[in-house]
Asker: 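Have a look at this one.
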Amino acid sequence: MTVCGTGEQDSFWLNTDCCGLICACTTYTLLLFAEYAMLFVILDPWFVEADISLPGSENVKEGESGSVSIGYNKGTFHAVAFSTIVALAILSHLKVR
């Protein structure tokens with residue numbers, strides 16, 4: 001009984017041929033890049049505070065800003081949802097008997 005392999009008695013399924021290892025590394029690299037791109041490129045502007053004119057903002061006291069967080073709740077929801085999907089995709093490859 002070996003620890004890694006493709007047989008029934010192996011604890012961890014791992015195809016150790018060159019093509020399989022390259023495909024697995026490429027898959028994990030693409031998943032991690034997608035996570036980076038989604039969180040730090042696409043969703044990052046949703047978490048930035050912006051000065052916008054709101055109705056009644058002329059009544060803002062001295063020293064206070066009229067800035068609001070645009071899309072913070074939506075951004076948080078999408079970040080958590082996408083990170084969960086990526087985590088499930090990675091965990092689906094870690095089949096342990």
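The model shown is predicted, which means the values in this text are computed figures rather than measured ones. These values consider heavy atoms only, across backbone and side chains, with no hydrogens, waters or symmetry-generated copies.
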Asker: Does Ile90 reach the side chain of Leu31, with side-chain heavy atoms less than 4.5 Å apart?
Answerer: yes
Asker: Going by atom type alone, with no hydrogens or angles, which donor-acceptor pairs under 3.5 Å involve a side-chain atom of residues 81-89 and a protein atom two or more places apart or on another chain?
Answerer:
{"residue": "Ser83", "atom": "OG", "partner": "Glu35", "partner atom": "OE2", "Å": "2.6"}
{"residue": "Ser83", "atom": "OG", "partner": "Ala79", "partner atom": "O", "Å": "2.9"}
{"residue": "Thr84", "atom": "OG1", "partner": "Val80", "partner atom": "O", "Å": "2.7"}

Asker: Among all residues two or more places apart in sequence or in another chain, which pass the side chain to side chain contact (heavy atoms under 4.5 Å, CB included) test with Tyr36?
Answerer: Phe33, Phe40, Val41
Asker: Between OG1 of Thr27 and CD1 of Ile22, what distance do you get to the nearest 0.5 Å?
Answerer: 11.5 Å
Asker: Checking Cys19 now: which residues fulfil side chain to side chain contact (heavy atoms under 4.5 Å, CB included) with it, not counting sequence neighbours?
Answerer: Asp17, Cys23
Asker: Tyr28: what forms a ring-ring contact (aromatic ring centres under 6.0 Å, His included) with it, not counting sequence neighbours?
Answerer: His93
